Amino acid sequence: MSVPPSPSRPTSAPIRLLFLLSCCISTGLGATLNVAKPKKGQSVAIFGLGAVGLAAAEGARIAGASRIIGIDLNPSRFNEAKNFGVTEFVNPKDYDKPVQEVIAEMTNGGVDRSLECSGSIQAMISAFECVDDGWGVAVLVGVPNKDDAFKTHPMNFLNERTLKGTFFGNYKPRTDIPGVVEKYMNKELELEKFITHTVSFSEINKAFDYMLKGESLRCVIRMDG
């Protein structure tokens, strides 16, 4: 059964950028806007500042979060993260105590929302334990190893913190992604800044080097060379 085209669907969006919506951008953006749902003026912590984490930060920026705290082990990502709305940075290596305690002290009790975007089981636990009692919501986005186990004290649930998970940002590709494209067309969502490198096909090994060294967000590989 075919679906008739919607008059609201954009027809002039550049394909060279829309490929970004097939995975990382939609996953991080939707995790914030559709699942964490921060309110204007609230605080958000993002664990992992790769492309998915920065898309989650972009969602927090769009939602009007007042504080967006980026947590990452790679300090070279911090300057770039400012372009995505991140206002403060924490490197867990700089502290001799759990990072959730650091964030709780920074925010006088905990953040309103947190998103884990690295796949690290420890980051998942930290993301849950750094949200405020009573209304804090933590969203797990990264994919853990198959043998990982999530362990936390039951009081973290009894204190009315909420833990959620998401896949592809709770977007339904066929019906919801056109709306994300419209956000880009309306200049609410900035896609260009996610592309940090462009190489020809003959230089494909460079793309792998950028990825393995953590130097790129998304690298476009041109098939014409």
Side-chain angles (χ1 to χ4, degrees), residues 2-36 44 46-63 68 70 72 74 76-77 79-86 115-119 139-144 165-225:
S2 62
V3 178
S6 166
S8 65
R9 289 182 180 175
T11 57
S12 58
I15 295 298
R16 66 180 179 82
L17 292 174
L18 296 190
F19 79 91
L20 291 165
L21 301 180
S22 65
C23 182
C24 68
I25 310 303
S26 300
T27 298
L29 184 75
T32 301
L33 297 180
N34 299 335
V35 188
V44 179
I46 311 288
F47 286 76
L49 298 178
V52 175
L54 292 178
E58 183 83 347
R61 179 189 66 78
I62 292 172
I68 304 174
D72 201 289
N74 184 353
S76 67
R77 291 179 170 173
N79 280 335
E80 189 168 47
K82 294 176 183 177
N83 298 326
F84 298 83
V86 175
L115 297 104
E116 187 288 315
C117 303
S118 70
V139 179
L140 306 186
V141 184
V143 179
T166 181
F167 184 78
F168 197 58
N170 279 27
Y171 282 124
K172 297 179 178 64
R174 189 164 188 169
T175 56
D176 296 341
I177 294 304
V180 181
V181 176
E182 288 198 11
K183 284 185 184 296
Y184 167 73
M185 298 298 286
N186 293 334
K187 302 187 185 304
E188 298 173 58
L189 170 65
E190 300 173 11
L191 291 179
E192 289 88 350
K193 60 191 179 185
F194 285 93
I195 298 177
T196 53
H197 297 81
T198 300
V199 300
S200 63
F201 185 74
S202 62
E203 299 175 307
I204 191 171
N205 285 342
K206 285 186 178 180
F208 283 105
D209 288 339
Y210 293 142
M211 178 183 69
L212 293 173
K213 293 177 181 178
E215 294 177 355
S216 71
L217 294 179
R218 282 296 177 266
C219 178
V220 174
I221 301 172
R222 299 193 317 272
M223 303 302 291
D224 57 357

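Just so it is clear, the structure is predicted and the values come from calculations on it, not from any experiment.
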Side chain to side chain contact (heavy atoms under 4.5 Å, CB included) partners for Phe19, two or more places apart: Ile195, Val220

Gap separating the CD1 atom of Ile68 from the CZ atom of Arg61, nearest 0.5 angstrom: 8.0 Å

Pair listing, ring pair (Phe, Tyr, Trp, His ring centres under 6.0 Å) test, anchored in residues 169-199, at least two apart: Phe84-Phe194, His197-Tyr210

Contacts of Glu190 that satisfy salt bridge (charged side-chain N to carboxylate O under 4.0 Å, His left out) - sequence neighbours left out: Lys193

Close side-chain approach of Asp176 to Asn34, heavy-atom, < 4.5 Å: no

Residue list, side-chain hydrogen bond (donor to acceptor under 3.5 Å, both in side chains) with Asn170, at least two apart or on another chain: Thr166

All side-chain hydrogen bond (donor to acceptor under 3.5 Å, both in side chains) counterparts of Thr27, not counting sequence neighbours: none

Euclidean distance, Leu212 CG relative to Asn205 CG, rounded to 0.5 Å: 10.5 Å

Arg77: partners by salt bridge (charged side-chain N to carboxylate O under 4.0 Å, His left out), with sequence neighbours left out: Asp72

For Thr198, all residues meeting side-chain hydrogen bond (donor to acceptor under 3.5 Å, both in side chains), sequence neighbours excluded: none

Side chain to side chain contact (heavy atoms under 4.5 Å, CB included) involving Ala81 - partner list, sequence neighbours excluded: Leu49, Leu54, Val86, Phe89

Qualifying salt bridge (Lys or Arg N to Asp or Glu O under 4.0 Å) pairs, either residue in residues 21-33, two or more places apart: none

Lys187: side chain to side chain contact (heavy atoms under 4.5 Å, CB included) partners, not counting sequence neighbours: none

side-chain hydrogen bond (donor to acceptor under 3.5 Å, both in side chains) against Asn74, all qualifying residues, sequence neighbours excluded: Ser76

Asn79: side chain to side chain contact (heavy atoms under 4.5 Å, CB included) partners, not counting sequence neighbours: Lys82

Backbone N/O of Leu21 and side chain of Ser26: donor-acceptor pair under 3.5 Å: yes

